[in-house]
Structures are given as structure tokens and as C-alpha cells.
Amino acid sequence: MKILIMSDSHGLTSEIIDIKNRHQDEVDLMLHCGDSELPYDCEELSGFIGVKGNCDFGSSLPNEIIEDLHGTTLYMTHGHLYNVKMSLMNLKYRAIETNAKIACYGHSHIAGAELIDGVVLINPGSIRLPVLRRQKTYAILEMKDNLVNVTFFEVNGHIVNELTKEFSIE
């Protein structure tokens, strides 16, 4: 299973369409981790499952989504309600409460993936305002058996090799 993960696009439209068009035929699911600042029913976000970010004013999107991915639970939230700019501890605990092995989030605009206490935590970064790096990023998560591969891409589709990681989950 392959999942496109994006976050913190903050009003961008053509970039979302470009990324979606580039990958929609190769992924099974497309996620937006909040702060799109677009109406959820807009054309740009069609095909995406999304959550509400702290800048998605008036949005009726949920604060969190829990998805069963053929036996592996995925948890998604924006991150502002879990203080992810300070620590990933609260997010990790919430993921564990939901029996999630994968947690996707945004808010900090810091791209990265790490395995903490059996949970793969993925922040795709921001395609508008990246923090701690110049590349504007999104990610593709690929799951096969117990292996989770997270590949990060720049908006133009180039792979960001130093961020790409593989994890084994139980």
C-alpha cells in the first residue's frame, strides 16, 4: 500500500494539483495533515482525506482520523492539539491509545520520520513554508508486510534522499 502525505500547504493550489497529478495513479490513499487553508470540497483537495489544522478556520474537518490499512492502524492529526512543536510524546501516546503503528502529523513544518516505542511518526514537512531546511516537502509512505518505507519529495518531484527512511513494525 502506498500513501501520499502532505501538510501545511497554507493556501497553495497549483502545487497541490501538480503533486496529486504526479502520484495519484501510483498511490492508494492521499492524506492532508491540515493547514491547507482551502475549503475541503475544493477541486485541489478532491481525493484527499484531511484533518483540520489550526489555520483552517471555519473548517468542518475532524481533528483526527483513524484508518485501518489492511490490519495496520494509521492515526492522523495536525499536531497543534498535541504540542508537537515541543515534543512528540503526546502524539505518540495518542497513537498508542488508538493502537496505531503509524502517526501522520504536521504543524511544525519540520519534515521527518522516526520510530518511537513501536510507532512510526511522520511529518511530511510543508510545501509552502519549510522549517530547518530549504526544501518544500511532502512524503510517500509505502507499506509491505512489516516494512514501512517513507520517501520524501520536493514539490518538483525530486527525492530528498537524506530524509528517506525504512522501518520495521510489528
Side-chain angles (χ1 to χ4, degrees), residues 1-10 27-38 40 45 47-133 135-153 160 162-170:
M1 170 168 261
K2 285 178 100 170
I3 303 167
L4 184 142
I5 310 164
M6 176 186 306
S7 190
D8 296 285
S9 48
H10 290 285
V27 298
D28 304 295
L29 193 61
M30 294 186 293
L31 306 177
H32 197 294
C33 298
D35 277 358
S36 71
E37 296 187 46
L38 300 172
Y40 187 63
L45 293 177
F48 280 86
I49 295 173
V51 291
K52 181 178 182 177
N54 60 299
C55 294
D56 292 322
F57 304 109
S59 171
S60 61
L61 289 170
N63 287 320
E64 63 182 12
I65 288 177
I66 301 165
E67 284 282 320
D68 177 22
L69 307 172
H70 307 294
T72 300
T73 303
L74 179 138
Y75 176 79
M76 179 173 63
T77 191
H78 181 58
H80 62 297
L81 300 175
Y82 294 95
N83 204 23
V84 297
K85 287 184 179 180
M86 298 298 289
S87 168
L88 296 179
M89 182 178 65
N90 294 328
L91 175 63
K92 177 199 74 169
Y93 285 139
R94 179 63 183 141
I96 290 170
E97 285 174 356
T98 65
N99 293 313
K101 292 291 183 186
I102 299 166
C104 300
Y105 69 101
H107 189 55
S108 69
H109 298 212
I110 300 171
E114 55 192 295
L115 179 66
I116 301 175
D117 295 337
V119 179
V120 177
L121 299 157
I122 303 167
N123 185 329
S126 172
I127 63 168
R128 180 163 199 151
L129 302 162
V131 172
L132 298 182
R133 63 185 327 102
Q135 296 107 328
K136 299 172 179 182
T137 59
Y138 63 97
I140 292 185
L141 159 69
E142 186 169 9
M143 296 186 332
K144 189 172 184 181
D145 300 321
N146 289 346
L147 287 180
V148 174
N149 187 19
V150 185
T151 305
F152 288 83
F153 296 85
V160 182
E162 67 269 19
L163 289 174
T164 296
K165 294 193 177 169
E166 185 172 88
F167 305 98
S168 179
I169 58 172
E170 296 175 18

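Being a predicted model, the structure only gives us computed values, none of them experimental. In what follows, residues are counted from 1 in the order of the sequence shown.
- A salt bridge links Asp117 with Lys92: the closest approach of a Lys/Arg side-chain nitrogen to an acidic carboxylate oxygen falls below 4.0 angstrom.
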key: Verdict with reasoning, Ser59 to Lys52, per side chain to side chain contact (heavy atoms under 4.5 Å, CB included)   = CA-CA 7 Å; Ser59 171; Lys52 181 178 182 177; 4.2 Å; yes

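- Of the possible donor and acceptor atoms, none in the side chain of Asp56 sits under 3.5 Å from a partner among the backbone N and O of Gly34.
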key: Full working for ring-ring contact (aromatic ring centres under 6.0 Å, His included) between His10 and His109   = CA-CA 11 Å; His10 290 285; His109 298 212; 5.1 Å; yes

task = Apply side chain to side chain contact (heavy atoms under 4.5 Å, CB included) to the pair Tyr105 and Ile122, showing each step before the final yes or no.
result = CA-CA 6 Å; Tyr105 69 101; Ile122 303 167; 5.8 Å; no

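- Contact check for Ile5 versus Leu141: side-chain heavy atoms found under the 4.5 Å cut-off.
- Under the 4.5 Å side-chain criterion, counting only non-hydrogen atoms from C-beta, Lys101 is not in contact with Met143.
- Of the possible donor and acceptor atoms, one in the side chain of Asn123 sits under 3.5 Å from a partner among the backbone N and O of Gly125.
- Judged by distance alone, the side chains of His107 and Asn54 do bring a donor and an acceptor atom under 3.5 Å apart.
- Checked by atom type and distance alone, the side chain of His78 never pairs as donor or acceptor with a backbone atom of Gly106 at under 3.5 Å.
- Side-chain atoms of His32 and Leu45, non-hydrogen and from C-beta on, do get closer than 4.5 Å to each other.
- We find that Lys165 and Glu114 are not joined by a salt bridge, their nearest charged nitrogen and carboxylate oxygen being 4.0 Å or further apart.
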